[in-house]
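Worksheet for the structure shown next.
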Amino acid sequence: MNSRLWRGYMAIVSGSNAAELAAALAEEMEWEHHPLEVRRFPDSEGYVRVPQESIEAIRSEPVVIVATTFPDSGIVEALLMLESIHDVRRGDMSNLKGEGEQSLADAGPGIFLAVPYFGYSRQDKRFQRGEVVSAKLLARLLTRRCDGMIVLDLHAPAVLEDLEVPVEFVSSMPEIAIHLQNTVRPDFVLSPDKGAIERASHVANAIGCNFSYLEKTRIDAHTIEHKAKDLDVDGAIVAIVDDMISTGGTICKASDALRRQGAKAVHAACTHGLFTGGAITRLSNHVDGVHATDSLPNPRSVVSGAPAIARGVNSLIERVL
Ligand code: R5P
């Protein structure tokens with residue numbers, strides 16, 4: 001990137017699934033938000049267009065595209081957004097209607113993709129012969145048309161090593177810690193499995209409370225088992241902190257273990273609130289509260305992912321621009 005071209009502003013662009021988060025990011029950074037024109041054809045296929053009024057901004061400043069790659073339609077939309085921004089910045093304006101100039105100068109690199117929730121992140125290994133490492137495939141597709149990527153609370157960052165563009169891994173745990181401290185004031189934070197230890201212990205340290213973790217074995221997508229463990233939670237308010245909640249099975253099992261050991265109240269907090277298959281109802285029978293970010297639209301979104309993504313954008317600017 002020619003740093004002389006960059007004047008300290010960026011255009012924040014969004015499609016259909018992260019418009020509010022993109023607007024919050026734009027406000028946080030004091031940059032302009034440019035929603036793209038996105039719609040669905042009657043057969044459900046997606047359509048993306050850079051509106052005429054956004055073309056100049058997208059060509060004159062580096063661009064951050066905010067796109068959650070979930071559900072599958074979000075992946076296609078992200079790819080369409082990347083391609084449309086890439087064409088506009090490259091100056092390929094050719095169109096059958098013959099509108100405007102057909103070709104403009106190449107604006108050069110400067111496309112960044114911010115992914116609040118990276119769908120398919122959990123298939124990060126080939127567990128059995130013949131499987132696809134979906135997270136890696138998705139990352140390769142998404143980075144084909146960008147110069148850097150920011151990913152919020154990725155399940156297991158190691159899977160995105162070896163990409164051809166820089167990646168910033170950012171976390172909403174600082175904001176989740178502040179929210180928990182202001183609302184439930186936990187005495188104890190629990191990680192429901194070893195994979196969430198780093199995230200959950202960050203929250204415990206920020207709050208200044210005790211911390212422990214459970215050892216979880218996943219039997220299948222709906223069934224997990226926790227190894228029995230003594231936890232010092234008698235009379236305590238406990239927050240279980242994870243990267244995501246899907247069916248809620250992990251949280252419900254962990255909460256049951258905490259209740260058996262005398263926990264007074266149990267709250268669940270996560271970055272990505274998928275809440276699939278009646279998870280909210282299931283959780284309401286096991287925990288006193290559920291707290292998530294807005295990384296994807298969900299009914300328990302109480303923490304903004306924008307500050308974490310802003311940290312990632314700033315780090316990427318320092319590395320790339
Ligand atoms: C897996 O290791 C993740 O960190 C979550 O614990 C898991 O995806 C949660 O899934 P569920 O809510 O279906 O138990």
Side-chain angles (χ1 to χ4, degrees), residues 68-72 74 115-128 131 133-136 138 151-160 169-173 176-177 180 189-204 211-227 229 231 238-259 266-293 295-303 305 308:
T68 274
T69 57
F70 179 86
D72 288 2
V115 188
Y117 174 61
F118 193 104
Y120 287 87
S121 59
R122 282 169 292 179
Q123 183 76 37
D124 61 345
K125 294 184 186 71
R126 180 173 292 128
F127 298 95
Q128 299 180 65
E131 286 181 350
V133 184
S134 317
K136 202 177 270 295
L138 212 57
V151 189
L152 180 63
D153 278 313
L154 185 71
H155 181 61
V159 71
L160 298 199
F169 299 102
V170 293
S171 176
S172 281
M173 291 301 144
I176 287 177
L180 289 174
V189 168
L190 181 77
S191 169
D193 56 32
K194 283 186 168 173
I197 287 179
E198 199 180 322
R199 278 181 255 268
S201 61
H202 177 102
V203 172
F211 168 80
S212 190
Y213 66 93
L214 294 176
E215 285 183 53
K216 175 176 95 175
T217 309
R218 184 165 283 286
I219 313 297
D220 59 43
H222 296 275
T223 322
I224 60 117
E225 273 177 13
H226 279 126
K227 197 169 160 187
K229 184 173 186 179
L231 302 162
V238 184
I240 309 170
V241 176
D242 208 347
D243 60 335
M244 68 180 80
I245 301 176
S246 178
T247 66
T250 300
I251 296 292
C252 292
K253 280 275 170 66
S255 176
D256 292 349
L258 289 163
R259 301 261 193 217
V266 180
H267 287 260
C270 66
T271 302
H272 311 300
L274 288 158
F275 305 130
T276 50
I280 292 287
T281 309
R282 191 172 308 116
L283 285 161
S284 66
N285 294 324
H286 292 261
V287 296
D288 300 283
V290 180
H291 315 253
T293 77
S295 68
L296 68 168
N298 73 85
R300 293 295 179 272
S301 161
V302 287
V303 175

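In each ligand, atom 1 is the first atom listed, and ligand 1 is the first ligand listed. No hydrogens, no waters, no symmetry mates; every other heavy atom, side chains included, goes into these values.
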- Expected contact list for ligand 1 at under 4.0 angstrom, heavy-atom basis, is Arg122, His155, Asp193, Lys216, Arg218, Asp242, Asp243, Met244, Ile245, Ser246, Thr247, Gly248, Gly249, Thr250
Verify whether one side chain among [X] and [Y] offers a donor that lies under 3.5 Å from an acceptor in the other.
{"X": "Ser171", "Y": "Asp153", "result": "yes"}
{"X": "His272", "Y": "Asp243", "result": "no"}
{"X": "Thr293", "Y": "Thr271", "result": "no"}

- Indicate the ring-plane relationship of His267 and His291, choosing parallel, tilted or perpendicular according to the 30° and 60° boundaries. tilted
- Query: What pairs with Gln128 under side chain to side chain donor-acceptor pair (under 3.5 Å), at least two apart in sequence or on another chain?
  - Reply: none
- Item | Main-chain N/O of Cys252 paired to Ser255 side chain as donor or acceptor, under 3.5 Å | no
